[in-house]
Engineer: 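Dropping the structure in here first, questions after.
In each ligand, atom 1 is the first atom listed, and ligand 1 is the first ligand listed. It should be emphasised that the depicted structure is a prediction, and the values quoted were computed from it without experimental measurement. All heavy atoms count here, side chains included; hydrogens, waters and symmetry mates do not.
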Amino acid sequence: MYIILLGAPGAGKGTQAVTLAQNLKLVHIATGDLFRQALEQGTVLGEKARSYMEKGMLVPDEVTIQMVLERISAPDCQSGIMLDGFPRNLEQARALDDALDKQGEAIDTVVYIKVPEEELLKRLSGRWICRNCQTPYHAVDSPPRVAGKCDRCGGELYQRTDDNVETVKKRLDVYFTETAPLINHYSRVGKLLEIDGKGSVDTVSQRILDALPDGKFVTR
Ligand code: AMP
């Protein structure tokens with residue numbers, strides 16, 4: 001089973017992906033997390049990605065596509081994956097389709113989490129994330145009970161370096177010019193499932209689970 005989570009930065013893809021991947025027994029692959037890990041570990045991949053991430057730009061396709069195709073060909077991905085943050089443009093979508101096609105597979109559903117632009121800006125500025133379980137908090141709207149600690153698991157909360165106002169604006173620009181065309185792309189082939197991304201994390205999770213076709217997501 002191959003699912004893509006599509007949506008703007010701040011739409012809640014990462015948060016939803018963690019819960020959904022657990023529910024549906026899929027391997028969660030988040031390209032942003034893979035790049036951040038590579039950066040922390042100081043690998044060649046991390047160095048290639050660094051300047052693009054700092055500016056809120058997309059890491060070049062040849063680097064990103066190779067990283068994802070390697071990851072999805074690993075044995076643990078055979079029973080299904082949930083892609084979060086990939087593809088982010090048409091080139092990446094085509095490369096993914098071709099690679100899956102060669103394995104006799106195809107994307108089943110693209111879950112598009114839709115959130116109004118003004119809400120995205122508000123969510124991203126003031127966002128704190130749990131380093132351990134990725135639960136997001138907001139300094140004003142949904143602060144943790146204890147400052148700096150995750151309510152769910154006690155993990156340390158941190159702010160992403162690319163969540164500053166200038167980089168957030170760039171990331172949203174990039175999303176609207178390069179990634180948003182994927183909405184039409186997947187809608188045309190009948191794979192798009194549009195979900196209202198407003199409301200609590202649990203509300204949105206339930207909307208997604210209710211909207212997924214019955215029986216289709218029984219894992220192999
Ligand atoms: P994210 O955590 O998904 O918001 O991604 C953080 C950053 O990683 C992005 O702003 C890009 O610089 C880079 N990145 C993540 N996914 C991709 C992708 N599919 N293509 C290119 N760059 C990406």
Engineer: Taking only heavy atoms of Thr64 into account, list the atoms of ligand 1 that are under 4.0 Å away from them.
Structural biologist: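 Those atoms are 18 (C), 19 (N), 20 (N), 21 (C).
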Engineer: Which residue owns the protein heavy atom closest to atom 15 (C) of ligand 1, what's the atom, and how far is it?
Structural biologist: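 Ranked first by proximity to atom 15 (C) of ligand 1 is Arg88 NH1, 3.4 Å.
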Engineer: Could you please spell out the steps behind the side-chain hydrogen bond (donor to acceptor under 3.5 Å, both in side chains) verdict for Gln66 and Glu62?
Structural biologist: CA-CA 6 Å; Gln66 190 192 351; Glu62 61 271 23; over 6 Å; no
Engineer: Closer than 4.0 Å to some heavy atom of Arg171 - which atoms of ligand 1 meet that?
Structural biologist: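 Near Arg171, meaning under 4.0 Å from one of its heavy atoms, ligand 1 has 4 (O).
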Engineer: Do me a favour and list the nearest non-hydrogen protein atom to atom 7 (C) of ligand 1 with residue, atom name and distance?
Structural biologist: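 Of every protein heavy atom, Met53 CE, 3.9 Å lies nearest to atom 7 (C) of ligand 1.
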Engineer: If we ignore angles and hydrogens, is there a donor and acceptor under 3.5 Å between the side chains of Gln37 and Gln41?
Structural biologist: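 No, because no side-chain N or O of Gln37 sits under 3.5 Å from a partner of the opposite role on Gln41.
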Engineer: Mark up the atoms of ligand 1 that fall under 4.0 Å of a heavy atom belonging to Gln92, in ascending order.
Structural biologist: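 Those of ligand 1 that fall under 4.0 Å from Gln92 are 18 (C), 19 (N), 20 (N), 21 (C).
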Engineer: How long is the straight-line distance from CE of Met82 back to CG of Leu5, given to the nearest 0.5 Å?
Structural biologist: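 One finds 5.0 Å between CG of Leu5 and CE of Met82.
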Engineer: Evaluate Asp33 for polar contact with ligand 1, using N/O atom pairs at a separation under 3.5 Å.
Structural biologist: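 In fact, backbone or side chain, Asp33 has no N or O that close.
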Engineer: Can you tell me the protein heavy atom closest to atom 16 (N) of ligand 1 and the distance?
Structural biologist: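 Ranked first by proximity to atom 16 (N) of ligand 1 is Thr31 OG1, 2.8 Å.
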Engineer: Using side-chain heavy atoms (C-beta onward) and a distance below 4.5 Å, is Ile3 in contact with Ile81?
Structural biologist: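 They are not in side-chain contact.
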Engineer: If you measure only the distance, is there a donor-acceptor pair under 3.5 Å linking the side chains of Asp61 and Thr64?
Structural biologist: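 Checked: Asp61/Thr64 side chains show no N/O donor-acceptor pair below 3.5 Å.
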Engineer: Can a salt bridge be assigned to the pair Asp141 and Arg127 using a cut-off of 4.0 Å between side-chain N and carboxylate O?
Structural biologist: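 Not counted as a salt bridge, because no side-chain N and carboxylate O are separated by less than 4.0 Å.
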Engineer: Would you kindly say whether Gln16 and Ser205 are connected by a side-chain donor-acceptor distance under 3.5 Å?
Structural biologist: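 There is such a pair between these side chains.
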Engineer: So is Arg160 touching ligand 1 or not, going by heavy atoms under 4.0 Å?
Structural biologist: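 Yes, Arg160 has a heavy atom closer than 4.0 Å to ligand 1.
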Engineer: Around atom 22 (N) of ligand 1, find the nearest protein heavy atom and jot down its residue, atom name and distance.
Structural biologist: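 The protein heavy atom lying closest is Val59 N, 3.0 Å.
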Engineer: Is Gly85 in polar range of ligand 1, meaning some N or O pair under 3.5 Å apart?
Structural biologist: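 Yes; at least one N/O pair falls below 3.5 Å.
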Engineer: For residues Gly10 and Arg123, report the shortest heavy-atom separation together with the two atoms involved.
Structural biologist: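 Minimum heavy-atom separation between Gly10 and Arg123: O-NH1, 3.0 Å.
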Engineer: List the closest protein heavy-atom neighbour of atom 11 (C) of ligand 1: residue, atom name, distance to the nearest 0.1 Å.
Structural biologist: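 Nearest protein contact, heavy atoms only, for atom 11 (C) of ligand 1 is Met57 O, 3.4 Å.
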Engineer: Note the single closest protein heavy atom to atom 23 (C) of ligand 1, along with its residue, its atom name and the distance in Å.
Structural biologist: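 Result for atom 23 (C) of ligand 1: Phe35 CE1, 3.7 Å.
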Engineer: Check for me whether Lys55 has a heavy atom closer than 4.0 Å to any atom of ligand 1.
Structural biologist: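 No heavy atom of Lys55 comes that close to ligand 1.
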Engineer: Please confirm whether Asp162 comes within less than 3.5 Å of ligand 1 when only nitrogen or oxygen atoms on both sides are compared.
Structural biologist: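 For ligand 1, there is no N or O atom that lies under 3.5 Å from one belonging to Asp162.
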Engineer: If only side-chain N and O atoms count, and only distance matters, is there a donor-acceptor pair under 3.5 Å linking Asp202 with Gln206?
Structural biologist: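 No - no donor-acceptor pair under 3.5 Å links their side chains.
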Engineer: If I take atom CG from residue Leu193 and atom OH from residue Tyr112, how far apart are they, to the nearest 0.5 angstrom?
Structural biologist: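 So the CG of Leu193 and the OH of Tyr112 are separated by 12.5 Å.
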Engineer: Provide the number and element of each atom of ligand 1 under 4.0 Å from a heavy atom of Arg36.
Structural biologist: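 Answer for ligand 1: 2 (O), 6 (C).
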